[in-house]
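Quick notes on the structure that follows.
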There are 2 protein chains.
Amino acid sequence: MATDQTTADIETQDGPPAAPASGAEVGLVETRHITLFENEPLKTASGDRIGPITVAYETYGELSPERDNAVFLCHALTGDAHAAGRHSLDEKKAGWWHRFVGPGRGIDTDQYYVICANVFGGCQGTTGPGSINPATDEPWGLSFPFLTIGDMVTVHAELVRSLGVDKLLSIVGGSLGGMQLLEWAARYPDMLESGVVLASAAKLAAQGIAFNTVGRRAILADPKFNSGNYYGGEKPQYGLALARMIAHITYLSESSIEQKFGRRLQHSDHFAYDLTKETEFQVESYLHYQGKRFVERFDANSYLYLTRAMDYFDLAHDYGSLTDAFRKTSARFLVASFTTDWLFPTSQSRDLVRALLKAGRDVTFLEFDSPYGHDAFLIPKELPKLASTVGPFLERTLSSVRKTSGRQGQAPVANSI
Amino acid sequence: MATDQTTADIETQDGPPAAPASGAEVGLVETRHITLFENEPLKTASGDRIGPITVAYETYGELSPERDNAVFLCHALTGDAHAAGRHSLDEKKAGWWHRFVGPGRGIDTDQYYVICANVFGGCQGTTGPGSINPATDEPWGLSFPFLTIGDMVTVHAELVRSLGVDKLLSIVGGSLGGMQLLEWAARYPDMLESGVVLASAAKLAAQGIAFNTVGRRAILADPKFNSGNYYGGEKPQYGLALARMIAHITYLSESSIEQKFGRRLQHSDHFAYDLTKETEFQVESYLHYQGKRFVERFDANSYLYLTRAMDYFDLAHDYGSLTDAFRKTSARFLVASFTTDWLFPTSQSRDLVRALLKAGRDVTFLEFDSPYGHDAFLIPKELPKLASTVGPFLERTLSSVRKTSGRQGQAPVANSI
């Protein structure tokens with residue numbers, strides 16, 4: 001649900017120092033754009049048709065001649081295609097998972113061809129409600145088709161095929177990203193050798209829907225929202241910031257928020273006794289800052305569409321049962337949860353693991369002991385232990401693929417597509 | 001933090017059937033109003049002076065000739081003086097704790113003289129920001145003095161004295177009500193023989209401040225808020241409803257919200273695929289309903305003042321240490337938490353109990369196993385077990401008081417003040 005460099009970076013600055021990332025940075029990268037569904041529009045779950053669709057994506061590393069080393073990263077709710085590296089030498093912020101993705105890092109770009117793309121419905125390069133509707137030459141706004149996680153996956157699957165990859169070595173995703181990869185396994189069971197599900201679940205629980213609905217309500221009640229037609233004018237920034245503030249609380253654990261801020265005041269040792277001071281406590285100041293930063297980079301309509309897609313996500317409902325959803329794929333899975341994640345608690349990962357096992361899948365399950373709540377998979381300090389699990393899992397998967405195809409032990413061949 | 005008949009009643013209607021309440025209803029009651037601080041205004045913690053102050057209160061049962069059987073109920077964030085009985089024969093809703101307060105009930109009005117009053121700063125009869133400022137003949141709005149839980153307690157203590165009671169047999173409060181009684185024990189240590197602290201804490205944790213700040217933000221960002229000057233015009237109902245929706249999620253447990261609503265849809269078996277439908281899931285419909293109902297009975301400015309008072313509450317900070325806060329009182333305490341309450345988790349009750357013990361107080365601590373989260377102390381189904389603990393605790397306290405004063409075993413004498 002969360003994803004952003006913001007949290008992670010602030011954690012680095014204010015929180016306990018992160019262990020130095022092993023390996024190196026990816027270096028200079030660029031976001032590319034591809035146009036898909038030009039001839040045959042996408043038919044969404046709602047029955048609408050839309051095309052063409054532009055997808056923003058980045059790749060790191062080289063695809064092997066056998067095209068067997070591609071790893072797809074599914075970003076979470078507010079993420080983007082820029083997972084690693086920097087767009088320019090002076091770009092302050094590297095990609096949102098740059099400490100985890102790079103040469104010699106958790107997802108080793110010396111070994112794997114890594115793809116990350118902005119989701120369908122998003123607002124960072126891929127077609128979404130803020131894009132221009134070719135039929136009207138105006139932004140779509142709320143006339144953009146309703147979309148589901150299945151629709152997101154269909155678009156990304158088409159991207160992957162267009163990059164010359166029929167089968168991904170792995171799909172890796174946290175939170176909403178984990179939902180995407182589970183849907184992928186059900187929808188295109190032959191397109192993945194493995195999946196890494198972090199802090200996610202096979203459906204959104206009632207509490208998650210509840211938090212999403214109040215976030216959306218904040219946007220919809222903002223007078224600047226104007227039924228979604230705010231492009232070119234003032235944006236519903238108060239509503240969107242508020243939605244982010246609410247959501248942000250759910251990304252942190254009770255203990256991490258207590259440890260990070262406690263009851264400390266922002267600017268004084270003494271109470272102000274002033275009701276108009278909205279940022280007197282540090283935790284208030286932090287949340288307001290998060291809200292303010294968020295509206296600079298995210299579109300309110302996308303927030304509505306993507307959170308609603310999360311609400312609708314329920315693999316068991318869509319495929320008869322959760323076990324049935326995983327019967328067709330032969331992929332192996334790594335499922336990881338975090339002890340203090342109360343938005344996607346471990347119990348939901350366990351439900352998922354049980355269904356995968358029942359479907360006969362090869363599953364590794366871990367519950368990481370972490371104080372950082374739902375955001376743990378993005379926190380620099382937690383990445384080394386994540387790397388020590390995900391790294392070997394990917395290696396074993398690649399080794400198993402090459403053993404089957406008689407190429408065990410062969411070093412990946414550097415070769416650009 | 002929560003308190004309302006709404007939750008409890010809906011629980012009765014939709015949730016598991018409550019056990020029939022033992023005992024009887026209080027019957028017809030009336031809210032009375034008293035004017036205090038007429039000659040000497042209240043000096044608030046912020047240094048402001050305000051007076052006179054009207055306090056709305058109700059009483060049930062009869063004060064004994066010895067004036068030793070008075071029990072004061074501190075309501076939670078959005079409660080009122082109407083704790084039990086009905087204002088008229090056709091009043092649909094009895095008081096917010098009517099299943100717990102009455103003849104033969106958990107707080108037995110045949111034995112005790114029960115007082116409940118609306119808090120200072122509230123909006124249900126006691127002077128608050130919606131009251132008329134005598135200096136201007138206009139509603140106070142945000143010019144109302146900043147107030148703390150200490151100020152609330154000072155006002156209620158004055159009410160109690162004016163009712164002819166020097167020492168309360170007990171003060172009983174949940175959530176914000178629990179904070180009030182803890183403050184009372186520190187501020188007026190000789191005014192209580194005992195305290196019953198339910199689902200509360202000696203300070204608000206960072207997560208609680210975080211949820212309060214986004215609730216306040218929702219109100220402040222509502223264009224109808226108009227710097228608090230909305231009386232006589234349109235109210236900031238969207239903002240206040242949103243604040244309530246956010247808070248309401250925190251009053252429920254993850255398991256209760258899942259069990260009560262799960263992913264069930266409100267009006268259909270099929271998804272609508274319509275982004276403008278805000279109440280498609282039952283949990284959404286419920287939260288929107290809660291928000292809508294809330295704005296009919298609560299004032300946005302009061303919500304700002306009272307939540308800020310909660311944020312400021314920190315007994316250890318105000319009295320040097322938590323133990324020091326309880327050194328002067330000789331009251332005995334019953335502290336109870338609920339297993340699934342994540343807003344005021346058991347760990348906070350344990351911290352409180354440790355400090356009380358260190359201060360040499362007589363303390364009984366219980367953690368009730370309940371699926372209902374923070375709201376548990378208001379849920380009809382949970383009241384029988386609460387009654388079976390609070391009832392004997394009050395009886396032992398009264399018995400101990402009368403033993404000390406040589407009137408052990410004497411039946412309470414019915415006598416109106």
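The figures that follow rest on heavy atoms only: side chains count, while hydrogens, waters and symmetry mates do not. Nothing here was measured: the structure is a model prediction, and the numbers come from that model. Throughout, protein chains are lettered first and strands after them, A, B, ... in sequence-line order, and every chain is numbered starting at 1.
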Highest number of heavy-atom pairs under 4.5 Å with chain B: which of A:Ala210, A:Ala272, A:Ala205, A:Ser227? A:Ala210
Segment of [X] engaging chain A (4.5 angstrom heavy-atom cut-off):
X: B:Tyr305; result: both
X: B:Thr148; result: side chain
X: B:Glu280; result: both
X: B:Asp274; result: backbone
X: B:Val283; result: side chain
X: B:Ala45; result: both
X: B:Pro145; result: neither
X: B:Tyr238; result: side chain

Drop me the distance from [X]'s [atom1] to [Y]'s [atom2], to the nearest 0.5 angstrom.
X: B:Asp314; Y: A:Arg263; atom1: CG; atom2: CZ; answer: 4.0 Å
X: A:Ser46; Y: B:Leu275; atom1: OG; atom2: CG; answer: 10.5 Å
X: A:Ile257; Y: B:Phe211; atom1: CD1; atom2: CZ; answer: 7.5 Å
X: B:Arg216; Y: A:Thr276; atom1: CZ; atom2: OG1; answer: 11.5 Å
X: A:Ile246; Y: B:Ile249; atom1: CD1; atom2: CD1; answer: 7.5 Å
X: A:Leu242; Y: B:Leu220; atom1: CG; atom2: CG; answer: 10.5 Å

Tell me the closest heavy-atom pair linking A:Glu258 and B:Ala206, and the distance in Å. OE1-N, 2.9 Å
Which heavy-atom pair separates A:Lys277 from B:Arg308 by the least distance, and what is that distance? O-NH2, 3.1 Å
Look at B:His288, B:Glu278, B:Met245 and state which one has the largest set of heavy-atom pairs under 4.5 Å with chain A. B:Glu278
A:Glu284/B:Arg217 salt bridge by N-O under 4.0 Å criterion: no
Under 4.5 Å from any heavy atom of chain B, what part of A:Leu304 do you find: side chain, backbone, both or neither? both
Is any side-chain heavy atom of B:Gln207 less than 4.5 Å from a side-chain heavy atom of A:Leu252? no
For B:Tyr273 and A:Phe146, take the angle between the two ring planes, folded into 0 to 90°, and tell me which bin it lands in: parallel under 30, tilted 30 to 60, perpendicular over 60. perpendicular
Students often mix this up, so state it plainly: with edges at 30° and 60°, are the rings of A:Phe281 and B:Tyr312 parallel, tilted or perpendicular? perpendicular
